[in-house]
Every structure is written in structure tokens, then in C-alpha cells.
Amino acid sequence: MKKIQAIRGMNDILPEDSALWQYLEGVIQQTLAGFSYREIRFPIMEKTELFKRSIGEVTDIVEKEMYTFLDRNEESLTLRPEGTASCVRACEENGLLYNQTQRLWYMGPMFRYEKPQKGRYRQFHQVGIETYGVAGPDIDAELLLLSYELFKKLGLTHCVELQINSLGSDVARSEFRQALVTYLQSHKDALDEDSRRRLDTNPLRILDSKSEATQRLLDAGPSLSDYLDEESRQHFAEFTQLLDACGVPYTINNRLVRGLDYYNRTAFEWVTDKLGAQSAVCAGGRYDNLVAQLGGKATPAVGFAIGLERLLLLLQGEGSVPSLGTVDVYLAAVGNVQAQALSLSSEVRRALPNLKVFMHCGGGSFKNQLKKADKSGASIALILGENEAVAGTVTVKYLREEKPQLTLPQGELVEVLAEINN
Ligand code: ATP
Ligand code: MG
């Protein structure tokens, strides 16, 4: 019979990779805790309307990337393509934005119907960070400091670059949009096909067109920075001063607009040239109008999301990863000694909770078990044979060091192992 396979673009994370995932997630959580951000969890599905109203009808995500279907009750539901909309919905619904500020994060799978390739999948994972209630640029800077600290911990600062821009107010952006459309209309023939289509639907997205001809055309066109309102200009100036002050390096990219409708003022991306076309590792910005747009009271907001698969690819290729062995101690149980082996391993785990103790199950010769101990990556093999069992002893064999093996009373084992319990 033909075997059933996974859905295209949706990957299994196998045991050999999950240790690295756990490491990455651990560093992220530790960093976020260090900044006093708190976790929020919400469902992976929402009513379709939520994403349409927040992300925008004529964006790539809503137009072509959402997993949308009718449930048994004929209600249109969508697997979340990103977390910001759900986060706002959850906060509003639970009164988290009432008279208080919030600094939140979430981590988990997102779903987009895209052409799968390296760094681009249909189920992928993000850590999202969202803050509510702070209008000033200090929080924008804190977010970038946080992301920078994370890249530092992962040893990745040499291969990522921060690009920032200001999108200004709604009014500024719409004036710029008008000028851009007028300019590009008069040069329509020189535009690539994608951009021509966007001219009518989402003209700002033309700014990040990959076509060189289009980019040249834009060089001579209107610049968003000339249209910024005074308050946004001031906000951006203070934002860059704060980045300078806390030592976060950046470049200003006036063409950075982001693909979602809800952003205003600060927009940013951490990009890399190590992942081919998938250059964005982390992206976000300010979205002061979204909460009101979704029916809440106007609330300033700023956040970002990191694509974990891309971060992981970078980490594997460029970063610093400690050794991630899953076995420290391999207990070989040779002969009819399983009962004693179980209680001995249990005692060790109780006394040394950080130690990873693998107890051999399923029998087999001494030689065979030692081979497996070596292959497991353990630094120590414990040998419990029938002689040891009768004498109440255990043999400690060092697998990675030139140290003589020793046989000792089981009661002294914890003391010996304590050295490697770190
Ligand atoms: P791209 O331009 O690469 O399509 P995006 O602008 O659609 O990215 P965002 O919506 O800003 O991406 O999502 C934030 C981050 O999530 C991205 O910077 C990226 O690291 C990651 N990401 C987005 N889409 C995917 C995907 N299909 N597979 C893997 N990671 C993704
Ligand atoms: Mg995309």
C-alpha cells in the first residue's frame, strides 16, 4: 500500500535536530525573561475576518498565502499566518490593554501557503514579541536591543544587519503613495510585471521589488523620507539616537516598507546574505492603529517576529552552539540485574537532577552494551554486572578521558558523578 506522506512544506523535526531547537528556544526564553517580557499563548486558528481586517486585503499573505477553510458549521477559519493579530485579539478580549502597558511574547507554528524552499515553508515557527501602551521611541529601541542581545548570545552578529526606516503617519504615507503612483504611472513601461500589478493594489510594495530596472526607476522617484510628518521625523531621530547610545548598529533603508498594512512609523528588519533569497530573519515595527482598527481603544504598539527556521539555519552555519549531548552517563546492565539497575539509576537522577542518565534496556553482552555506551556520546559508562550486584558495587569507566576505571560501593557513586553534574 502507498504510504501517506506529510503535507508539502510542513516538516517533521527529528530527534537529532530537536536538541538544537530546544537550545535555541531556551536562549530566546532566557533573553526575554531577562527583559521581563511575559509569555502569552493563543490558538493557532482564528476567524478569517481577524486576519483580513488586520493584515490587509491586498497583501501577499491575505491574497495568496492563507490556509482558510470552512469548518463543519460553515464558519470561515484560518490557520494563523502570523501572531500579531491574534495577540491583539487575545489582549483585547481579556482586558490586558485596559489602563496598563504590556510586554509580551509567544512562540509557535505559523502557516502560509508559499512555494517551499530553503528557509521558506508552509508550516514554520516564529517567536513574536509585542508591546502595548508605550508611544515613545524608547520601547522601539529596547526591542532592537533585545534582538541584538539575542544575536550576540547565538554568535550571529557578524552575519545579520539591521535595517530601519520610518513609515510616518497614515497621512504622510498616503501622500507619498499618491506621489509614487503618479511618478510610476508615467514610467509604467519600465516597470516589471509584478510591480505594474501592485501599482493598482499595493504600490508601496513596489519599493522592495527585486527588479533592478524598477529599483533604478525608484532612485529617481519620490522618497518616503521627504514626506514624513514632523512628529514621525522626531520619533525616528530619537529612536536612532537611542540605538547609537546602546550600541546597536543599523543602516537606514528608505525603501523598507514591510508587507503588512498595519505598520506606521518605525519599521525594521534584520537581514542576512547567508540564506539566499530568504534574507529576512527578523522583522517588525510600530502599529499604533491596529488595536483601534480591531475595535479596541487606540493603543500604541510595536513588535517583531523572528523566523525560527531561518535563525536555526544561520545558527548551524555561522553561530556558536555548545555541545548538545543527550547522554552523560550510560548504565550498562549486564545479566540479570535490571531491578538493581533501575533503582541505582533512579538514585543517581534524584541526587543529580541535571545529569542525563541512560539505562540500557533489552539485555545483550558486555561488549555490545559498551559499544552502545560509546556511541551514545556519554562521558561515563557505569557497569553493573552480576558480580557487582552481589557485592553492592558498580564500575565506573571513563569513555573520553585517560583515567583508570574504578569499582566502588554503590553508595559512593553519587559523589564521583557529582563532578560532571553541571
Ligand atoms: P519574506 O519577505 O521572506 O516572505 P515576510 O515579510 O513575509 O518574509 P514576516 O511576515 O515579517 O515575513 O514574518 C517574520 C519572519 O518570519 C520573517 O522575517 C521570516 O524570518 C519568517 N518567515 C516568514 N515567512 C516564512 C516562511 N514561509 N517560512 C519560514 N519563515 C518565514
Ligand atoms: Mg512573505
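The analysis underlying the following values was restricted to heavy atoms, covering all of them including side chains, and did not include hydrogens, waters or symmetry mates. For this chain, numbers begin at 1 and follow the sequence in order. Indexing begins at 1, ligand by ligand and atom by atom, following the structure's order.
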Would you check if there is a donor-acceptor pair between the side chains of Y250 and Y148 at a distance under 3.5 Å?
-> no

Taking atom types as modelled, find out whether D288 and N264 have a side-chain donor-acceptor pair closer than 3.5 angstrom.
-> yes

Counterpart residues, salt bridge (charged side-chain N to carboxylate O under 4.0 Å, His left out), relative to E318 (two or more places apart) | none

Once you round to the nearest 0.5 Å, how far does CG of L315 lie from CZ of R310?
-> 16.0 Å

Hey, which of V394, V329, L355 is the one that makes side chain to side chain contact (heavy atoms under 4.5 Å, CB included) with V348?
-> L355

Could you give the N/O to N/O pairs under 3.5 Å linking ligand 1 and the protein, each with its distance?
residue	atom	partner	partner atom	Å
ligand 1	3 (O)	R120	NH2	2.9
ligand 1	3 (O)	R310	NH1	3.0
ligand 1	3 (O)	R310	NH2	3.2
ligand 1	4 (O)	R120	NH1	2.8
ligand 1	4 (O)	R120	NH2	3.4
ligand 1	7 (O)	R112	NH1	2.9
ligand 1	10 (O)	R112	NH1	3.0
ligand 1	10 (O)	R112	NH2	2.8
ligand 1	11 (O)	R258	NH2	2.5
ligand 1	13 (O)	Q126	NE2	3.0
ligand 1	16 (O)	Q126	NE2	3.0
ligand 1	18 (O)	A280	O	3.2
ligand 1	20 (O)	A280	O	2.9
ligand 1	20 (O)	V281	O	3.2
ligand 1	20 (O)	G307	N	3.3
ligand 1	27 (N)	E114	OE2	2.6
ligand 1	27 (N)	Y121	O	2.9
ligand 1	28 (N)	Y121	N	2.9

With F268, which of N165, N253, I164 fulfils side chain to side chain contact (heavy atoms under 4.5 Å, CB included)?
-> I164

